[in-house]
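For clarity, every value in this text was computed on a predicted model and none was experimentally measured. Both ligands and their constituent atoms are indexed starting at 1 by order of listing. Computed from heavy atoms alone, side chains included, the values below leave out hydrogens, waters and symmetry copies.
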Amino acid sequence: MVFTHDTDMTLMHAAALANTGPALGDEDREELPDLPALLAWMDRWEWTGARPTTAAEVDAVRALRPRLREIWSRDEEGLVEAANALLEEGRALPRLVRHGAFGWHVHATSDDAPFARRISVEVGMALVDVIRAGETDRLKVCAGDDCEDLLIDLSKNRSRKFCGGTCGTRANVAAYRARKASAG
Ligand SMILES: [Zn+2]
Ligand SMILES: [Zn+2]
């Protein structure tokens, strides 16, 4: 855990959300094609509160993806602007809550606010933590060839380079082959 549990989780699911959409070398990728897919994604990340019911809500969540991608590429000043904009647009009103297995954490929207707004406000809140801690370099893009997936580096020594997909394995195999080739 680098930040608080809820901030770590938010940053991970923000990167995962961006990575459900079209990507470099995979322009047709769409892992949130419809409402059931979005609801399953919501369950996977243990979201509570109101559940989306319309295609428009799915569209609103999908529309966050390019925005997250753009935010990930910003420098510290830019991230400050993004965080403030997300919180203002979502009319964030932080409060402490406790539910399920989670201890005290912050919700900054009402539980019945539209899902896309709840996500964007949570991301805004998480960015506040990241910026205050001086840890903005933990927002990274995968170093794999032909991959621009987002990741959040929550490792102790900030060594994470690859997304959650196959990029890390591929890079290890390539490095191994290169070592073997130069040794032989
Ligand atoms: Zn909660
Ligand atoms: Zn990757």
- request: Might you work through the side chain to side chain contact (heavy atoms under 4.5 Å, CB included) test for R95 and V106, ending with a clear yes or no?
  value: CA-CA 5 Å; R95 66 202 156 92; V106 178; over 6 Å; no
Test log, rule side chain to side chain donor-acceptor pair (under 3.5 Å), inputs T169 and T166: CA-CA 5 Å; T169 319; T166 54; over 6 Å; no
field: CA sep, side-chain torsions, deciding dist, call: H105, L96, side chain to side chain contact (heavy atoms under 4.5 Å, CB included)
entry: CA-CA 5 Å; H105 60 284; L96 282 161; 5.9 Å; no
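Remark: D112 does not engage R51 in a salt bridge, criterion side-chain N to carboxylate O under 4.0 Å.
For the residue pair R117 and T109, no side-chain donor N or O sits within less than 3.5 Å of a side-chain acceptor on the partner.
Residues I71 and L86 form a side-chain contact, since some pair of their non-hydrogen atoms from C-beta on lies under 4.5 Å apart.
Ring pair W45/W41 is tilted by interplanar angle, where 30° to 60° counts as tilted.
Less than 2.8 Å away from the Zn ion (ligand 2), the protein contributes these N/O/S atoms: C142 SG, C147 SG, C163 SG, C167 SG.
The NE2 atom of H99, the Zn ion (ligand 1) and the NE2 atom of H107 define an angle of 110° (nearest 10 degrees).
For H105, the N, O or S atom closest to the Zn ion (ligand 1) goes by the atom name NE2.
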